[in-house]
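Notes follow the structure.
Count residues from 1 along the sequence.
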Amino acid sequence: MSEPFLQRAIALAIENVNSGQGGPFAALIVKDGKIIAEGVNRVTSGNDPTAHAEIEAIREACRVIGNFQLSGCDLYASCEPCPMCFGAIYWARPDRVFYAATAADAAAAGFDDALIYEELRRSPGARRLPVTQLLDPEALRPFQTWLSSSSKKPY
């Protein structure tokens, strides 16, 4: 049953390129054998570096089901998700993820995530982008407030 969903994701990615709206990526969320959300890459059309297909599909699926978790859902992507999308996918907690093209295929087309994976393995001080922790006496206060809150919704 997964092939038609992957074929739909691939078709959406091609349509997105042909429309000039964004990159060659698309994703969809399936629940109970039905597509509940679709997303395409809108990075350049929306001037939003987070507007990847998987993120767009996750946002829409969460709106549709009225929950921030996608348990009972599957995600289908035209390409292996990037590090940012993998992070969002893990937070959304779908049951399974299926993809067509690989990260190496994306790299061959000019979408190479290798630098991000390499950077994540480095300590913050050794990264190309300067990342510095500033010690502040109030740094833990948001977490303390969260832990003592009676209105929090754990995730």
Side-chain angles (χ1 to χ4, degrees), residues 1-124 127 129 131 142-143 145-155:
M1 180 106 176
S2 63
E3 277 192 39
F5 296 128
L6 275 177
Q7 289 171 350
R8 173 66 182 155
I10 291 167
L12 282 171
I14 293 167
E15 288 173 25
N16 199 48
V17 171
N18 288 336
S19 73
Q21 294 298 304
F25 304 97
L28 47 98
I29 309 289
V30 173
K31 185 172 179 69
D32 300 325
K34 295 185 187 321
I35 297 171
I36 62 167
E38 296 178 334
V40 294
N41 178 285
R42 298 202 186 285
V43 170
T44 56
S45 63
N47 295 317
D48 180 353
T50 69
H52 288 202
E54 296 89 340
I55 304 289
E56 296 287 302
I58 289 168
R59 288 175 178 159
E60 180 60 21
C62 289
R63 279 191 287 273
V64 166
I65 66 172
N67 198 321
F68 59 89
Q69 293 186 350
L70 297 175
S71 58
C73 297
D74 292 329
L75 186 146
Y76 292 83
S78 62
C79 187
E80 184 176 1
C82 75
M84 176 183 70
C85 291
F86 266 128
I89 290 165
Y90 274 92
W91 280 113
R93 296 179 176 93
D95 289 356
R96 300 177 296 183
V97 175
F98 301 94
Y99 62 90
T102 67
D105 298 325
F111 300 93
D112 192 354
D113 300 324
L115 170 70
I116 298 170
Y117 283 111
E118 289 170 15
E119 288 289 291
L120 290 173
R121 285 191 287 273
R122 297 173 193 234
S123 65
R127 294 178 183 157
L129 177 66
V131 178
F143 297 115
T145 303
W146 167 260
L147 289 170
S148 65
S149 173
S150 60
S151 62
K152 69 179 172 266
K153 186 173 183 180
Y155 58 97

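Distance check, rounded to the nearest 0.5 Å: CG of Leu28 to CG of Leu75 gives 7.5 Å. Glu80 contributes atom CD, which lies 5.0 Å from atom CZ of Phe86 (distance to the nearest 0.5 angstrom). Taking CD1 of Ile10 as the reference point, atom SG of Cys79 lies at 10.0 Å (rounded to 0.5 Å).
Considering Ile58, Ile89, Val30, Val64 in turn, Ile58 is the only one that fulfils the side chain to side chain contact (heavy atoms under 4.5 Å, CB included) rule with Leu70.
Contact of the Ile116 side chain with the Cys82 side chain is not registered, since no non-hydrogen atoms from C-beta on lie closer than 4.5 Å. Looking at heavy atoms from C-beta onward, Gln21 lies out of side-chain contact with Val40 at the 4.5 angstrom threshold. Counting heavy atoms from C-beta on, the side chains of Pro24 and Asn16 never come closer than 4.5 Å.
When all heavy atoms of Ala53 and Ala27 are compared, the pair lying nearest together is CB-N, 3.6 Å.
A salt bridge links Arg59 with Glu56: the distance from a Lys NZ or Arg NE/NH1/NH2 to an Asp or Glu carboxylate oxygen falls below 4.0 Å.
Ring geometry for Tyr76 against Phe98 counts as parallel: the plane angle stays under 30°, on a 0 to 90° scale with 60° as the upper cut.
In this structure, Tyr90 has no ring-ring contact (aromatic ring centres under 6.0 Å, His included) partners at least two apart in sequence or on a different chain. Qualifying salt bridge (charged side-chain N to carboxylate O under 4.0 Å, His left out) partners for Arg96, counting only residues two or more places apart in sequence or in other chains: Asp74.
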Checklist line | Evaluation steps, salt bridge (charged side-chain N to carboxylate O under 4.0 Å, His left out), between Glu118 and Arg121 | finding: CA-CA 5 Å; Glu118 289 170 15; Arg121 285 191 287 273; 5.2 Å; no
